[in-house]
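Some notes on the structure that comes next.
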Amino acid sequence: MTATIKDSVVFITGATGAIAQALIAGLLARGAAKVYAAARDVTRVTASERVVPVKLDVASDTDVTAAAALATDVTLLINNAGVNHNTALLLAPDLAIAREEIEINYLAPLRLARAFAPALIKNNGAMLNILTILARVNLPFMGSYCASKAAALSLTQGLRGELAPKGVRVVAALPGAVDTRMTAGLPIPKMTTEEAAREILDGFEAGEEDIYVGEMAKGLAAGLAQDHKAVERQLASPA
Ligand SMILES: NC(=O)c1ccc[n+]([C@@H]2O[C@H](COP(=O)([O-])OP(=O)(O)OC[C@H]3O[C@@H](n4cnc5c(N)ncnc54)[C@H](OP(=O)(O)O)[C@@H]3O)[C@@H](O)[C@H]2O)c1
């Protein structure tokens, strides 16, 4: 099963995003042979010798089927695209926000996994799902985002069970807050995208299955291991 980045052929979704940009730079620096950089607005992705822009809305069956047919040499699928409306469950006017977060954060990685599984199995590859530490405990002021990422964590575990016997490694990255447009306006300590990408790729190359990225994620994971309910109450109380 793939553990090193060198010579890998990567397919990454949400390539226009801030963490994706840092991941792509890190992947290239570590010797990836090719990166398929998938974005719904492909004009915002710069092609180069090793970067192949691919037009892809992760919510589109047609786009995902076409991308999987194109990238049959993939050895590492990175499900990175995500949305966070930073909205509490009861403050949302209707279910539209929760529905979009479930569509992009849970159903889309499932769609990608189903389409790319044959190539990953054939190429003895790996899948890396960019989740969040909030997949493990709900932060109520962004409650529906956390619920969608909790579903994606369960998805990751289920895919791991299905794909491990077929030689495909399935990895979760669980970052804390990272300084991107997703966290703009949140007055909390944040990692840089470069720090997050480095820890994600280091963890991947070290063979980790669940990569806790940054001090916030590591601290919360340690707290959850010790007293899950205490962490739940801590996140539910106003600062
Ligand atoms: N920032 C954080 O603190 C943090 C912490 C933990 C985990 N994460 C996770 O890290 C991942 C990347 O987030 P980020 O912080 O880098 O945010 P970002 O800069 O907003 O990037 C999100 C990316 O997802 C793409 N995307 C959204 N809907 C899509 C769709 N339907 N089809 C294709 N692409 C779509 C966006 O494309 P457009 O450019 O077209 O909108 C963008 O490229 C997400 O999964 C997020 O949940 C972030």
Side-chain angles (χ1 to χ4, degrees), residues 11-26 35-46 53-64 66-67 77-87 96-97 99-112 115 127-139 141-153 155-156 171-197 199-201 203 210-218 220-221:
F11 189 101
I12 183 168
T13 66
T16 50
I19 292 175
Q21 287 292 309
L23 283 172
I24 292 169
V35 177
Y36 292 102
R40 50 186 164 182
D41 178 2
V42 84
T43 64
R44 290 166 55 207
V45 181
T46 310
V54 178
K55 193 199 152 341
L56 181 98
D57 183 331
V58 295
S60 161
D61 285 328
T62 309
D63 282 5
V64 172
L77 168 65
I78 305 183
N79 282 307
N80 163 80
V83 289
N84 179 0
H85 284 284
N86 281 305
T87 304
I97 282 172
R99 193 169 278 127
E100 188 193 350
E101 288 167 337
I102 277 288
E103 176 65 47
I104 305 304
N105 298 338
Y106 166 66
L107 288 174
L110 173 57
R111 179 179 291 110
L112 269 288
M127 186 186 312
L128 170 60
N129 293 337
I130 309 299
L131 308 176
T132 161
I133 186 60
L134 300 177
R136 296 208 44 214
V137 58
N138 196 288
L139 182 61
F141 83 81
M142 50 176 82
S144 56
Y145 169 74
C146 299
S148 69
K149 288 289 192 176
L153 175 58
L155 166 74
T156 304
V171 179
L174 300 98
V178 184
D179 193 7
T180 74
R181 69 178 177 185
M182 208 174 263
T183 54
L186 295 183
I188 51 169
K190 300 166 201 170
M191 311 176 74
T192 66
T193 53
E194 290 74 20
E195 287 166 342
E199 283 199 30
I200 291 168
L201 298 180
D210 298 313
I211 307 167
Y212 292 100
V213 183
E215 290 311 311
M216 178 189 291
K218 290 185 179 73
L220 284 171

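If you read the sequence from its start, that first residue is 1, and numbering goes on from there. Counting starts at 1 for both ligands and their atoms, in listed order. Excluded from the calculations below are hydrogen atoms, water molecules and symmetry mates; all remaining heavy atoms, backbone and side chain alike, are included.
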Leu56 near ligand 1, heavy-atom distance under 4.0 Å?
yes
Any salt bridge between Lys190 and Glu195, counting N to O under 4.0 Å?
no
Restricting to non-hydrogen atoms, name the atom on Tyr145 and the atom on Val83 that form the minimum distance, rounded to 0.1 Å.
CD1-O, 3.2 Å
Measure from the side-chain N and O atoms of Ser148 to the backbone N and O of Tyr106, and report whether any donor-acceptor pair falls under 3.5 Å.
no
among protein heavy atoms, the one nearest atom 44 (C) of ligand 1 is Asn80 O, 3.2 Å
Is Ala177 near ligand 1, meaning one of its heavy atoms is under 4.0 Å from it?
yes
Under 4.0 Å, counting heavy atoms only: does Met191 come that close to any atom of ligand 1?
no
Closest to atom 7 (C) of ligand 1 among protein heavy atoms sits Leu131 O, 2.9 Å
How far does CG of Asn84 sit from SG of Cys146, to the nearest 0.5 angstrom?
7.5 Å
Closest non-hydrogen atoms of Met142 and Leu134, given as atom of the first, atom of the second and distance, are SD-CD1, 3.7 Å
Just distances here: any N/O of Pro175 and N/O of ligand 1 closer than 3.5 Å?
no
For Tyr145, the ligand 1 atoms with a heavy-atom partner under 4.0 Å come out as 7 (C), 8 (N), 46 (C), 47 (O)
What atoms of ligand 1 come closer than 4.0 angstrom to any heavy atom of Thr132?
6 (C), 7 (C)
Does ligand 1 have an atom under 4.0 Å from some heavy atom of Asp41?
no
Does any N or O atom in Ala20 lie less than 3.5 angstrom from one in ligand 1, N or O only?
no
To the nearest 0.5 Å, how far apart are CG in Leu128 and CG in Leu77?
8.5 Å
Please confirm whether Ala15 comes within less than 3.5 Å of ligand 1 when only nitrogen or oxygen atoms on both sides are compared.
no
Any donor and acceptor pair, going by atom type alone, linking the side chain of Asn86 with main-chain N or O of Met182 inside 3.5 Å?
yes
Of Met182, Arg181, Met216, the one whose closest heavy atom lies nearest atom 20 (O) of ligand 1 is Arg181
Using every non-hydrogen atom in the two residues, find where Ile130 and Lys149 come nearest and quote the distance to one decimal.
O-NZ, 3.0 Å
Can a non-hydrogen atom of Thr13 be found less than 4.0 Å from any atom of ligand 1?
no
Could you find the nearest protein heavy atom to atom 3 (O) of ligand 1 and give me its residue, atom name and distance?
Val178 N, 2.7 Å
State, yes or no, whether a side-chain contact exists between Leu56 and Val64 at a heavy-atom distance under 4.5 Å.
yes
Would you kindly specify which portion of Asp57 sits under 4.0 Å from ligand 1, judged on non-hydrogen atoms: side chain, backbone, both or neither?
both
Ala18, any N or O under 3.5 Å of ligand 1 N or O
yes
Could you tabulate the donor-acceptor pairs under 3.5 Å formed by side-chain atoms of residues 13-25, not counting sequence neighbours?
residue : atom : partner : partner atom : Å
Thr13   : OG1  : Asn80   : N            : 2.9
Thr13   : OG1  : Ala81   : N            : 3.0
Gln21   : NE2  : Ala15   : O            : 2.6

Ranked by distance from atom 10 (O) of ligand 1, the top protein heavy atom is Ile130 CG2, 3.4 Å
Atom 16 (O) of ligand 1 has as its nearest protein heavy atom Ile19 N, 3.0 Å
Under 4.0 Å from any heavy atom of Gly17, which atoms of ligand 1 are there?
19 (O), 21 (O), 42 (C), 43 (O)
What about Thr16: any of its N or O atoms under 3.5 Å from an N or O on ligand 1?
yes
Could you tell me which non-hydrogen atom of Glu199 sits nearest to which non-hydrogen atom of Tyr212, and how far apart they are?
OE1-O, 3.7 Å
Could you see which bit of Ile104 sits under 4.0 Å from ligand 1, with heavy atoms only: side chain, backbone, both or neither?
side chain
Rounded to the nearest 0.5 angstrom, the CE-CG distance for Met127 and Leu112 is 8.5 Å
Closest heavy-atom pair, Asp210 versus Leu174, reported as atoms and distance to 0.1 Å, is CB-CD1, 4.0 Å
So, does Asn84 sit close enough to ligand 1 that a heavy atom of it is under 4.0 Å from the ligand?
no
At the 4.0 Å heavy-atom cut-off, does Asp179 count as touching ligand 1?
no
Relative to ligand 1, is Thr180 under 4.0 angstrom through side chain, backbone, both or neither, heavy atoms considered?
side chain
Tightest non-hydrogen contact, residues Ala217 and Ile133, listed as O-CD1, 3.7 Å
Against heavy atoms of Thr183, which atoms of ligand 1 measure under 4.0 Å?
1 (N), 2 (C), 3 (O)
Suppose we measure from atom 27 (C) of ligand 1 to each protein heavy atom; which comes out shortest, and what is that distance?
Arg40 NH2, 3.5 Å
Please confirm whether Val83 comes within less than 3.5 Å of ligand 1 when only nitrogen or oxygen atoms on both sides are compared.
no
Closest non-hydrogen protein atom to atom 5 (C) of ligand 1, residue and atom name please, with distance?
Gly176 O, 3.2 Å
Using the side-chain hydrogen bond (donor to acceptor under 3.5 Å, both in side chains) definition, which of the options Thr156, Asn129, Asn105 pairs with Asn79?
Asn129
Please list the nearest protein heavy atom to atom 26 (N) of ligand 1 with its residue and the distance rounded to 0.1 Å.
Ala81 CB, 3.8 Å
What atoms of ligand 1 come closer than 4.0 angstrom to any heavy atom of Arg44?
38 (P), 39 (O), 40 (O)
Would Lys190 count as a contact residue for ligand 1, given that I'm defining contact as a non-hydrogen atom of the residue lying under 4.0 Å from a ligand atom?
no
Tell me, please: is Ala108 in heavy-atom contact with ligand 1, that is, under 4.0 Å?
no
